[in-house]
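This report refers to the structure that appears directly beneath it.
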2 protein chains.
Amino acid sequence: MINIREVAKMAGVSPATVSRVINGTARVSAEKRARVLQAITATDFVPNEVARSLYRKSAKLIGLIIPSIKNPYFTQVASIIEHMATEHGYRVFLCDVGDDIEKEEIALQTLVAMNADGVIIASTNEAIQDYAAMCQIPVVAIDSLFATKRIDAYVYCDYYAGGRMAAEHLIECGCKNIVCIKGPQRIFSAKARYEGYRDVCREHGLREQTVTCDYDFKAGLAMTEQLLETFPGVDGIIACNDVVAISTYKILHRKHISVPDQIQLIGFDDIEWASLISPELTTITQPIQRMATKAMELIIDNEKTTEKGVEIVFPVTLTVRETTKKKGSCK
Amino acid sequence: MINIREVAKMAGVSPATVSRVINGTARVSAEKRARVLQAITATDFVPNEVARSLYRKSAKLIGLIIPSIKNPYFTQVASIIEHMATEHGYRVFLCDVGDDIEKEEIALQTLVAMNADGVIIASTNEAIQDYAAMCQIPVVAIDSLFATKRIDAYVYCDYYAGGRMAAEHLIECGCKNIVCIKGPQRIFSAKARYEGYRDVCREHGLREQTVTCDYDFKAGLAMTEQLLETFPGVDGIIACNDVVAISTYKILHRKHISVPDQIQLIGFDDIEWASLISPELTTITQPIQRMATKAMELIIDNEKTTEKGVEIVFPVTLTVRETTKKKGSCK
DNA sequence: TCATAGTTTGAAACGGGTTTCAAGTTGATA
DNA sequence: TATCAACTTGAAACCCGTTTCAAACTATGA
């Protein structure tokens, strides 16, 4: 691979001058500039990014740590962050770490060792904070809030309100027998959503009926089967997220239970697939675009935000589609 | 950030000795080793990955260039590659470039400048070859084959056979009036799939009926609407991939056309969503796992493969699910 | 006890782009 | 024409982990 010294030799100047031409960091005489430019074109020289970031101590790199690249929620987040980063001259390094706290920790260390300028973490592991607090670069959590706030910022939405909205909507749609498929309660969003549902039940004097299920398709299938056995009279289901809602629908469809006529169904997140599948899913919409954008802004503008534990909360909205309907109203 | 020289000072040894302890590249006396290890623990020292890869000229990094991170086909590929890479001590840098040849070229340049050890490209742009041929690192194309073979290797499957299988299956299921939603014909896989369909039509004396559509959800919706107007008697649809098949189903469902009773539907790829949605999609299965694994092997074992333009072709299989059924047979 | 082979160790060079600093130029003003 | 400011330029230091090379040291055999 050709290096800057060879380009300099070819142009008859010093490496410093070539660097100045490339980066526009100082004035260079027109004549030398032309010679340098010509040598660069002739050799297809591209500066070695590694040497650059070694000196600059910035790789123009933002790390994004997610539990699974196969989860459409996270790929939507990743896509937005990727596009924003490109606009601002950054690159994104995506780390798919599963639920493995150790992998998460290694990813964070690696990102620091790669001179990343900041990290966005979509994690459910509170322990990650220990490592995040140690590293010198800005770290923003998306979609979670931990009891002890040691990360620079937390971007999430009002999950509790979402849980309430979901329950209230099903009640408005005439459901008398609502079951909530709770997510794992160690996860902040799952807990808040459940609490929203629980409080609405109490206020309306409805019995609280729940099963617990991982945020994942397979678990959703199994839990729906179980739910139908445990609560045979169910007429409304709140799934802990859209992926689980889709698997719930799958079981209902297989059992020839009509949605929304016999059982109404609502999810959370409003991932793109929610409106792509048939029937389209009624869900609680998270402003994914705004959340991801905010998380990126916090990283990029980090010079300004000096305080720790900043919380940015976004509102959620109800998006009614085809898996719920007001009783008596025609489609 | 602490560096190796400070650790060395603390342990009372030279940086060279610290490096030797960390990497196990030479013998170090037990006493000094212990002092070094202790200093590393005390300071939480993690070697700067950038300085390392500058010297080594390898970042233990594999680039993966894909058109969209939101397309589940590519995230499945990415997931497999990510896991294989981790096993082999590599990291994966994912570049989402859209259909933008310029972005693709920049991604490739950046990867080279980042000292990547190899690149896997899932591209439909033949022009990328010019850049791929120039860079000094192994480049493997997945899912495509270009007329002029200038990339190190091409990993793809027998799309033509897939096209034939799809058409033959619909014929066996009693379809008389099959429409093929062709993908963009500049794309190798789309062209081969169409040709398979075309040849089967000719052999069976069926009329060849097609519309053309991008490999993308929105395009699929529009094209299905158009298809139904142009070919009102259609009883079987071959979609150019699963994503388009899912959008086709969406339109049929919306128009209360029963699948598979009135129209049978088959896709290509067998992405995970094909079996998650309801009804489950009949499709032509690509061995995604095997393809991605092979592509990675070609990169990792590159010392051995010296020749250019290696072609690795995998077979496809028919996976019958719920959107097709043999006429007369009961479910 | 001396010579030789083998081991341990650190100084210095290396990778490649960037930046500082001082020297060399040019041009304008007195 | 002499002087000083402003600009252009390259040598060298820098970022930091790795590796080479030669020096210093240990141990073995004669």
Side-chain angles (χ1 to χ4, degrees), chain A residues 1-37 39-40 43-61 89 109-110 112-117 136-137, chain B residues 1-37 39-40 43-61 89 109-117 135-137:
Chain A
M1 204 79 256
I2 185 134
N3 66 26
I4 201 171
R5 281 161 235 263
E6 289 179 60
V7 173
K9 201 180 294 173
M10 181 176 294
V13 299
S14 73
T17 302
V18 178
S19 173
R20 287 192 266 254
V21 170
I22 292 170
N23 300 292
T25 41
R27 313 185 68 97
V28 172
S29 69
E31 180 219 358
K32 293 200 174 176
R33 149 170 283 109
R35 290 218 306 269
V36 168
L37 255 21
I40 289 176
T43 55
D44 283 316
F45 172 67
V46 177
N48 183 314
E49 212 49 55
V50 176
R52 268 188 164 169
S53 65
L54 175 60
Y55 187 89
R56 295 212 234 246
K57 296 185 168 182
S58 148
K60 282 293 191 180
L61 192 70
Q109 275 185 355
T110 307
V112 172
M114 286 172 87
N115 280 354
D117 300 274
Q136 313 292 328
I137 55 176
Chain B
M1 205 78 258
I2 184 131
N3 67 28
I4 202 171
R5 280 161 235 264
E6 290 179 60
V7 173
K9 200 180 294 171
M10 180 176 295
V13 299
S14 72
T17 302
V18 178
S19 173
R20 288 191 266 254
V21 170
I22 292 171
N23 299 292
T25 42
R27 315 182 68 96
V28 173
S29 70
E31 179 219 359
K32 293 202 174 177
R33 149 171 284 109
R35 291 216 309 268
V36 168
L37 254 21
I40 290 176
T43 55
D44 283 317
F45 172 67
V46 177
N48 184 314
E49 212 48 56
V50 176
R52 267 188 166 169
S53 66
L54 174 60
Y55 187 90
R56 295 211 233 246
K57 296 185 167 181
S58 148
K60 281 293 189 180
L61 192 70
Q109 275 184 356
T110 307
L111 286 167
V112 172
M114 286 173 88
N115 281 355
D117 300 275
C135 64
Q136 313 292 327
I137 55 176

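All chains are named by letter (A, B, ...) in the order of the sequence lines, taking the proteins before the strands, and each is independently numbered beginning at 1. Only this structure's heavy atoms are used, side chains among them; waters, hydrogens and symmetry mates stay out.
- Scanning DNA chain C 5' to 3' for nucleotides with an atom closer than 4.0 angstrom to a non-hydrogen atom of chain B gives a first and last hit of C/dT8 to C/dG16.
- The distance between atom CD1 of B/Ile22 and atom C1' of D/dT18, rounded to the nearest whole Å, is 11 Å.
- If you run side-chain contact (heavy atoms from CB on, under 4.5 Å) between A/Ile40 and each of A/Ile4, A/Val7, A/Ile2, only A/Val7 comes through.
- A distance-only check finds no donor-acceptor pair linking the side chain of B/Ser19 to the backbone of B/Pro15 [under 3.5 Å].
- The 5' end of DNA chain C is approached more closely, in terms of each residue's nearest nucleotide, by B/Val13 than by the other of B/Val13 and A/Pro15.
- Remark: side-chain polar atoms of B/Arg33 are paired, donor with acceptor, to backbone N or O of B/Val28 under 3.5 angstrom.
- Distances shown here put a side-chain N or O of A/Arg27 below 4.0 Å from the OP1 or OP2 atom of D/dT8.
- With contacts defined as side-chain heavy-atom distances shorter than 4.5 Å, the pair A/Val21/A/Leu37 qualifies.
- Looking at every heavy atom in both residues, B/Lys60 comes nearest to B/Gly89 through CD-O, 3.6 Å.
- Closest approach of B/Arg52 to B/Ile22, counting heavy atoms only: NH2-CG2, 3.4 Å.
- Residues B/Glu6 and B/Thr43 form no side-chain contact, since every pair of their non-hydrogen atoms from C-beta on lies 4.5 Å or further apart.
- Nearest heavy-atom pair, A/Ala113 versus B/Val46, reported as atom, atom and distance to 0.1 Å: CB-CG1, 4.3 Å.
- Contacts of B/Val18 with the nucleic acid, taken as non-hydrogen atoms under 4.0 Å apart, are absent.
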With the criterion being N/O to N/O and under 3.5 Å, what pairs connect the protein with nucleotides 15-17 of chain D, and how long is each?
from   : atom 1 : to      : atom 2 : distance (Å)
D/dC16 : OP1    : A/Lys57 : NZ     : 3.2
D/dG17 : OP1    : B/Asn48 : N      : 3.4
D/dG17 : OP2    : B/Ile4  : N      : 2.5
D/dG17 : O3'    : B/Arg52 : NE     : 3.4
D/dG17 : N7     : B/Arg5  : NH2    : 2.7
D/dG17 : O6     : B/Arg5  : NH2    : 2.9

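- For the pair A/Gln136 and B/Met1, the tightest heavy-atom approach, listed with the atom from each and the gap, is CG-SD, 4.1 Å.
- Of all non-hydrogen atoms in A/Lys57 and A/Asn115, the two that sit nearest each other are CA-ND2, 3.7 Å.
- One axis for each end of the helix from C/dT1-D/dA30 to C/dA30-D/dT1, each built from five base pairs, and the angle between them comes to 60° at 10° resolution.
- An OP1 or OP2 oxygen of D/dT8 is reached within less than 4.0 angstrom by no side-chain nitrogen or oxygen of A/Lys32.
- Nearest heavy atom pair, residue A/Ala11 against residue A/Arg35, reads O-NE, 2.8 Å.
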